[in-house]
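Structure first, then comments.
In this text the structure is predicted, and so the values were computed from the model without any measurement. For the numbers below, each heavy atom of this structure counts, side chains included, while hydrogens, waters and symmetry mates do not. For ligands, and for the atoms within them, numbers begin at 1 and follow the listed sequence.
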Amino acid sequence: MTETSEPQAPTQPGRMRQMQVYVTGAGGARPRVPTTPRLLEERAASAMSRRAAAYIIGGAGSEATMRANRDAFEKRQFVPRVLRDVSRRDLSVELIGRRHRAPFLLAPVGVLEMVHSKADLAVARAAKSEGIGYVFSNQASVAMEECAAAMGDVPRWFQLYWSSDDDVVRSLVSRAERCGAEAIVVTLDTTLLGWRPRDLDLGYLPFLRGLGLAQYLSDPVFRARMPQNAPDTGIRPKGLGIVETAFRLSRKGRQYGLSLGQMRAAVAHFTATYSRPDLNWTDIARLREMTRLPILLKGLRHPDDAALAVQHGVDGLVLSNHGGRQVDGEAATLDMLPAVVAKAGHVPVLLDSGVRSGADIAKALALGARAVLVGRPYVYGLALAGEDGVAEVIRNLIAEFDLTLALCGLTHATDLNADCLAGQA
Ligand code: FNR
């Protein structure tokens, strides 16, 4: 793949963003999207329904993994250098054949219609306006073609959940190729859904209401495979909420030219086929035959799996624990990063799970990540102010990353290394 022209990035994005906020603030205006990560989450939570807040913010079990992810960032400390002329900075990194404006992309996050009606499309537009890459979710609320059409030349990747129907996988991958995706990111940590008490206690799974199924409902192969009627699972919904569910399913069905009965069959077919617990390394070799695109494995955590991934010739790794949503009580991704990078050799490692600020991005790069994926923070921006909210979150992350780099005495994102952190060199 060749490098393409990138959006012009200011060389002082941190200062520019600060001045934009402070000068506007001189008239009394406050940012709609808080820059403090804790406030961002709190305000977004109050802008969401109870079910959306549980689904987006929550994690697996006691949420110990989520806490570990945050603790790992908080316990790392910079040791800045001074007197090094940091007047001009370059935040860009080279990643999968392309130069990215800043060292992060927006993570694939499903069911965004729970927080905003424009959902993935608003995110795609913000990604375009800020020149930041976006990984389309397999559980998106807007079909990938519509998002891709809004993104111009800005990088987009496609995240795949490997369905038990290989023809659906092939169809999704070839659609991703046609809409300009530059990589396929296979998520490996969700072959089964984690145990999520916040959602369980509300008895709420969005997919059963037809949400987050846009990639499937718009897919000709999936549609051709839907049964005439939903198979009887022997479990029946209880309570009057069934009326609301039927209403929502009908409304969603109309968007895709499907009746209520067909929607029920689609949901049942999705539930029966969306993932494969028997997924194994031979499938990765098969994926290589299905596509010419680079392949990244997401949700890999163990250094030995990183070594296996290298043997299988993958193009990149995303060290992720799904933001602590899958296994309760696992290690923070940041704590595993140096060992995974050591086993990955020349293969680039991205990290996600717990990244909340520009300083966090700098810490991940200092410990060997080529770039990071940012998940919940941009969803909070979406909940608060739609496309503009996502753009603000992106600008804030870039600004803080830029200032952290400069104030640590560095001028290039690629200068970050273990020497910048206490006790790591
Ligand atoms: C996710 N994530 C996710 N990952 C994926 O590969 N496909 C998906 O559809 C989703 N959906 C999804 C929904 C919600 C509500 C969340 C919070 C997360 C995981 C996501 O890509 C990423 O790994 C985490 O969000 C990173 O952690 P932080 O940044 O949210 O802490």
Give every residue pair that meets the salt bridge (charged side-chain N to carboxylate O under 4.0 Å, His left out) criterion with at least one member in residues 309-333, sequence neighbours excluded.
-> Arg288-Asp315, Arg301-Glu330

Pairs flagged by salt bridge (charged side-chain N to carboxylate O under 4.0 Å, His left out) wherever residues 202-224 is involved - sequence neighbours left out = Arg175-Asp219

salt_bridge(Glu63, Arg198) N-O dist < 4.0 Å | yes

What side-chain donor-acceptor pairs closer than 3.5 Å can you find for residues 43-58, not counting sequence neighbours?
from: Ser46; atom 1: OG; to: Glu42; atom 2: O; distance (Å): 3.4
from: Ser46; atom 1: OG; to: Arg43; atom 2: O; distance (Å): 3.0
from: Ser49; atom 1: OG; to: Ala52; atom 2: N; distance (Å): 3.0

Neighbour list for ligand 1 [protein residues, heavy atom under 4.0 Å] | Tyr55, Ile56, Ala107, Pro108, Val109, Gly110, Ser137, Gln139, Gln159, Tyr161, Thr187, Lys298, Ser320, His322, Gly323, Arg325, Asp352, Ser353, Gly354, Arg356, Gly375, Arg376

At what distance, to the nearest 0.5 angstrom, does CG of Leu397 lie from CG of Leu91?
-> 12.0 Å

Please answer whether the main-chain N or O of Val243 pairs with a side-chain N or O of Arg248 as donor and acceptor at a distance below 3.5 Å.
-> no

